Number of protein chains: 2
Amino acid sequence: MHSTAEENYIKAIYKLSGGGAKAVSTTGLSESLETKPASVSDMLRKLSAKDLVHYVKYHGVQLTEEGRRVALKIIRKHRLWEVFLVQKLHFTWDEVHEVAEQMEHVKSELLIQRLDEFLGHPRVDPHGDPIPTEAGELRQEEQRVLSSLAVEQKGVVCRVKDSQPAFLQYLNKMGIQIGSQLQVVDKIPYDNSLEISIDKTKSVILSSDVLDKIFVINP
Amino acid sequence: MHSTAEENYIKAIYKLSGGGAKAVSTTGLSESLETKPASVSDMLRKLSAKDLVHYVKYHGVQLTEEGRRVALKIIRKHRLWEVFLVQKLHFTWDEVHEVAEQMEHVKSELLIQRLDEFLGHPRVDPHGDPIPTEAGELRQEEQRVLSSLAVEQKGVVCRVKDSQPAFLQYLNKMGIQIGSQLQVVDKIPYDNSLEISIDKTKSVILSSDVLDKIFVINP
DNA sequence: ATAAAAGTTTAGGTTTGCCTAAATATAATT
DNA sequence: AATTATATTTAGGCAAACCTAAACTTTTAT
């Protein structure tokens, strides 16, 4: 098994490299992890010995296939815990990160399987980022603007375009958050507003201004 | 804040001393923590410097008031997570410990507050052990053997004495688990068996053997 | 093309938490 | 009371993960 420190390096490399694609610099990592470059060099040598990264001195690191697998596992755990914290314990978006950062290192396959089940196999975290599958795949969902849905069509909120407090508060009042299950009930042709049902419980009318700012994926 | 290792020592001292009462030996701790006695001596010096324990060389340790406070906080976290794992994620009694052992070290006041709320402020963990309050108090519920209840009396199952699979499966079949609400319906003097109603729905006859292994607290 | 600047690695050191082996204190036995 | 046995501590080391300072590469700018 890997140490917490190792896991944090792997995760940081994954993020900085944009999913394991490009190589990452020592300084970049040291800034991201808030450690000194010398410490990073140290750790990269160790990770390289474990074949979690390809490391060429003075020329940066990249994740190996195995490293990428490990990264996705950690990210899966992190995002599932974020969903738990927001949906079940009513944390706000800004409160979750620090705690999820700790929970992601708890070791138990069964725990994550059961948590995933308990949460209803969510596909995005509270920030709208996709949750890797158990198999370690990061399926990129096709995102659509809510305004583009036809009557009867469904979608799960995955992203909002406007992050101003006023807008977020409005969504909150409506009962809409990332992960909410929406369905178009009716279309009002006069002003292109839509009647939307939220989580199969209540329904509201949203103006086309608002509809243009909400993105959904297929349920 | 305290390290995971420190927290584990504090918890072990608490447990071995029976709640912080008596002093605990180096060897006792080393066995309980699966480390060598020399390592324990080492750590005790450190904990003593932090005033978490009273440590007199060659004569054992005891928790200070502060140490006891810390211990109860950890135990509270551990037991709340156990409740979560069993009640929400459907872990079995034997699967919870290892995982709760890791989760108890996650640092966040808010997390524990919210978890407690989410679980409905449970008073005992899945093994029937009491959960310390947020204030750090261990209210000791009076536990009674089920066999000691008179006709009409009620109780909530808080623990069972026998943890062999056969017995647990039997209870499961009967529909009895920790938290079940029981009431004595009738007494059969011939063999001291009792007719017990379970969660106000059905009722069964339990032999005195079984009755002696089930403990309840006042509802 | 070469010197200066920036980035990276190595060398040597620290702390935490563990280890073994040796020394010392306490307890048990004769 | 003296000796043996057991428990505990001290001394010296090791690995992980960090640090600073110095050495070395690569890049940039003259």
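Only heavy atoms go into these numbers, but all of them, side chains included; no hydrogens, no water, no symmetry mates. Owing to the predicted nature of the structure, the values given are computational and were not obtained by experimental measurement. Order of the sequence lines fixes the chain letters, A, B, ..., with proteins taken first and strands second; residue numbering starts at 1 for each chain.
One can place NZ of K50(A) at 12 Å from C1' of dA17(D), the figure rounded to the nearest angstrom. If you measure from atom CZ of R45(A) to atom P of dA15(D), you get 13 Å, rounded to the nearest angstrom. The distance from atom CD of E7(A) to atom C1' of dA16(D) is 15 Å, rounded to the nearest whole Å. If you measure from atom CG of L29(B) to atom P of dC18(C), you get 12 Å, rounded to the nearest angstrom. Rounded to whole Å, the distance from CD on E31(B) to P on dT6(D) is 14 Å. What separates CG of L44(B) from P of dG17(C) is a distance of 13 Å, to the nearest Å.
Scanning for side-chain contact (heavy atoms from CB on, under 4.5 Å) contacts around D199(A) gives S180(A), Q181(A), T201(A), with sequence neighbours left out. K154(A) pairs by the side-chain contact (heavy atoms from CB on, under 4.5 Å) definition with Q183(A), P219(A), not counting sequence neighbours. With sequence neighbours excluded, no residue forms a side-chain hydrogen bond (donor to acceptor under 3.5 Å, both in side chains) with R68(A).
Sorted by first and then second residue, the side-chain hydrogen bond (donor to acceptor under 3.5 Å, both in side chains) pairs with a member in residues 110-128 of chain A read R76(A)-D116(A), E82(A)-H127(A), D116(A)-H121(A), R123(A)-E141(A); sequence neighbours excluded. Within the structure, every pair that satisfies the side-chain hydrogen bond (donor to acceptor under 3.5 Å, both in side chains) test and touches residues 47-65 of chain A, not counting sequence neighbours, is listed here: E6(A)-K50(A).
Checking the phosphate oxygens (OP1, OP2) of dG17(C), a side-chain nitrogen or oxygen of S3(B) falls inside 4.0 Å.
In this structure, K213(A) satisfies the cation-pi test against F167(A), with its NZ or CZ atom closer than 6.0 Å to the six-membered ring centre and inside 45 degrees of the ring normal.
Residue contacts for T26(A): at a heavy-atom cut-off of 4.0 Å it reaches the sugar-phosphate backbone alone, with no base atom in range.
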- Query: What string of B, S and - do you get for nucleotides 18-28 of chain D, 5' to 3', if B is base contact, S is sugar-phosphate-only contact and - is no contact with any protein heavy atom under 4.0 Å?
  - Reply: BBBB--BSS--
